[in-house]
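A quick write-up on the structure given underneath.
Both counts, for ligands and for their atoms, begin at 1 and track the order of listing. Everything numeric here is computed off the predicted structure, so don't read it as measured data.
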Amino acid sequence: PEALSGRFRGSFAYKTIKDRLPKILTKAVDTIYRQRTVLATKHGECGLDDFKLTVGRLSKLRYELQTNKPMYKLTDKHADVELWNQYYDKEKERNGMDPCWFTNAWLYVECFMYRSIKETLALSMFLKDFDPFEEQKRSAFMSSQTPIVTLANHLLHIVSSNEHRDADLLEKDFRHMVELSLWGNKNDLSISGGSENYQKADPLEQLDELQPYILVDQINDMWRHLKSCANRKCGRCRIDIILDNAGFELFGDLCFAEFLLRMGLASEVHLHAKAMPWFVSDTTSQDFWWTLEMLQASNNGELSRLGTRWHQHIKDETFFLKQDDFWTLPHNYAELRAMAPQLYQDLSASDLVVFKGDLNYRKLTGDLQWPHTTPFVDALQGFLPAPLCVLRTLKADLVVGLQEGQDKQAEEKASDWMVSGNFAVVQFYVDRAW
Ligand code: F6P
Ligand code: MG
């Protein structure tokens with residue numbers, strides 16, 4: 001199938017490039033604007049010049065994007081520059097012209113926008129490590145305190161009461177923890193075009209109501225797989241989570257990880273963060289550490305204990321925090337083995353790789369216009385480093401693994417079912433040979 005692209009007018013890709021990305025860029029420029037006085041005070045004339053240059057470059061980027069100008073080759077010193085530029089050349093060769101914002105694959109151009117913001121900052125003198133989305137991420141986390149406490153109390157309740165419970169109840173708790181982590185993915189700041197979006201509803205109370213919106217639910221298969229791994233390996237199982245958004249979603253993912261550890265379903269959890277500010281709210285290492293520190297310093301005893309506990313998990317190597325440039329490249333995951341062999345090898349040691357969110361889904365399936373009934377494994381195009389699953393709310397016009405007619409039914413419920421974040425899938429695959 002063809003790639004999703006802004007050249008299909010009326011598609012969500014088109015709308016994203018036309019409206020959402022410029023809005024995100026404007027918001028980033030506004031944030032940098034607020035650094036003006038800081039830079040002027042700290043670095044005088046030099047600081048002001050640097051500020052003007054940076055804002056000017058970002059405004060130019062926005063203009064070029066909106067007017068479908070050609071993209072360009074990167075020139076900063078980051079290790080991934082070569083790979084981006086090779087990608088550019090390949091696209092140019094394939095299409096016989098320089099890649100442009102609306103005409104090329106949506107996945108590529110959207111990733112390039114974030115990489116280009118990073119380059120602009122990298123080329124500045126005083127804003128090299130500035131995260132233009134940090135303010136938004138932090139404010140969303142702070143605004144979600146009530147649901148975060150609810151979730152922490154729920155976790156405490158199930159881990160302290162589960163020890164002597166039967167397997168059926170444990171399975172039910174597992175399902176709830178997966179669903180909590182899944183619906184956390186509604187809260188990304190990219191779908192809202194950088195506008196406020198944080199968890200408002202009680203995360204537990206909403207679970208029953210949201211159940212019918214899970215179009216593919218393979219939580220039982222995940223459960224059976226983890227149980228059999230834990231039995232076979234006496235609980236010495238490794239889980240990987242390819243993280244998505246910071247804030248409430250990250251907190252839910254960490255609670256899920258904690259649940260797996262405490263219930264003997266995993267002995268170590270590898271958390272994969274982004275190496276640069278990405279799709280507004282994606283978790284960078286900096287966001288991860290900030291979140292743990294906020295939790296530890298919280299007035300709420302339970303949050304504070306979790307913060308301390310998760311710091312300790314890192315120290316005693318129960319949690320591993322990892323980052324790799326591959327996660328911020330435009331390539332789909334079928335290319336991971338060739339592009340990042342070490343990362344592939346590392347993931348192959350996992351007993352379950354959990355991919356969080358919409359962008360991971362797009363990269364797992366190559367962001368192609370698959371018929372909706374395409375089997376999930378076919379859309380993976382051979383990418384199977386280990387048993388894997390994806391917990392994703394739908395925010396792009398792409399979905400696979402549906403039953404015949406399921407898309408029509410969803411459409412009847414809501415015409416924007418593919419892009420609103422209100423529908424979800426939990427898809428799992430394990431190779432029989434595994
Ligand atoms: O803006 C494009 C997009 O990929 C959307 O499809 C989605 O809303 C967002 O970015 C990222 O979503 P997530 O945080 O779930 O990966
Ligand atoms: Mg995200």
Task: Distance-only side-chain donor-acceptor flag, His78 / Asp325, under 3.5 Å - done: yes
Task: Distance-only polar pair, side chains of Arg175 and Asn220, donor-acceptor under 3.5 Å - done: yes
Task: Heteroatom of Asp282 nearest to the Mg ion (ligand 2) (N, O or S, atom name) - done: OD1
TODO: Give the contacting part of Asp358 toward ligand 1: side chain, backbone, both or neither, where contact means a heavy-atom distance below 4.0 Å.
DONE: both
Task: Sidechain-backbone polar pair: Lys356 side chain, Ser181 backbone, donor-acceptor under 3.5 Å - done: yes
Task: Donor + acceptor pair across side chains of Asp221, Tyr429 (<3.5 Å) - done: no
Task: Contact check: Arg20 vs ligand 1, nitrogen or oxygen atoms, below 3.5 angstrom - done: yes
Task: Donor-acceptor side-chain pairing of Thr393 and Asn185 below 3.5 angstrom - done: yes
Task: Stacked cation flag Lys413 on Tyr213, 6.0 angstrom / 45 deg - done: yes
Task: Arg392 and ligand 1 - part of the residue with a heavy-atom distance under 4.0 Å - done: neither
Open item on the list: Treating Thr308 as the side-chain partner and Ser304 as the backbone partner, does any N or O pair qualify as donor plus acceptor under 3.5 Å?
Closed with: yes
Task: Under 3.5 Å donor-acceptor, Glu249 side chain and Asp244 backbone - done: no
Open item on the list: Can you report which non-hydrogen protein atom sits closest to atom 9 (C) of ligand 1, along with the distance?
Closed with: Ser190 OG, 3.3 Å
Task: Test salt bridge (charged side-chain N to carboxylate O under 4.0 Å, His left out) applied to Asp76 and Arg115, step by step - done: CA-CA 10 Å; Asp76 67 31; Arg115 183 59 183 85; 2.9 Å; yes
Task: Proximity of Asn245 to ligand 1 by residue part, where a heavy atom lies under 4.0 Å - done: side chain
Open item on the list: Under 2.8 Å from the Mg ion (ligand 2) - does any N, O or S atom of Asp244 fall there?
Closed with: yes
Open item on the list: Within ligand 1, which atoms have a heavy atom of Ala396 less than 4.0 Å away?
Closed with: 6 (O)
TODO: Examine the side chains of Asp131 and Gln286 and answer whether a donor and an acceptor come within less than 3.5 Å of each other.
DONE: no
- [ ] Mark up the atoms of ligand 1 that fall under 4.0 Å of a heavy atom belonging to Phe279, in ascending order.
- [x] 4 (O), 10 (O)
- [ ] Only one of Tyr88, Phe112, Trp84 passes ring pair (Phe, Tyr, Trp, His ring centres under 6.0 Å) with Tyr72; say which it is.
- [x] Phe112
Open item on the list: Any nitrogen or oxygen of Leu359 lying under 3.5 Å from a nitrogen or oxygen in ligand 1? Just yes or no.
Closed with: yes
Open item on the list: Looking only at side-chain N and O atoms, does His272 offer a donor or acceptor that is under 3.5 Å from a partner on Asp240?
Closed with: yes
Task: Region of Glu110 engaging ligand 1 - heavy atom pairs below 4.0 Å - done: side chain
TODO: Looking only at protein heavy atoms, identify the closest one to atom 6 (O) of ligand 1 and say how far it is in Å.
DONE: Lys395 O, 2.5 Å
Open item on the list: Within the 4.0 Å heavy-atom shell around Arg362, which atoms of ligand 1 are there?
Closed with: 2 (C), 3 (C), 4 (O), 6 (O)
TODO: Record the part of Trp106 in heavy-atom contact with ligand 1 below 4.0 Å; permitted values are side chain, backbone, both and neither.
DONE: side chain
Task: Nearest protein heavy atom with distance in Å, relative to atom 11 (C) of ligand 1 - done: Asp188 OD1, 4.0 Å
Task: Atoms of ligand 1 close to Asn185 [distance to a heavy atom under 4.0 angstrom, numbered from 1] - done: 15 (O)
- [ ] Tell me whether Asn245 has at least one N, O or S atom under 2.8 Å from the Mg ion (ligand 2).
- [x] yes
TODO: Measure from the Mg ion (ligand 2) to each N, O or S atom of Asp358 and report whether any distance is below 2.8 Å.
DONE: no
TODO: Please indicate whether any nitrogen or oxygen in Asp244 is less than 3.5 Å from any nitrogen or oxygen in ligand 1.
DONE: yes
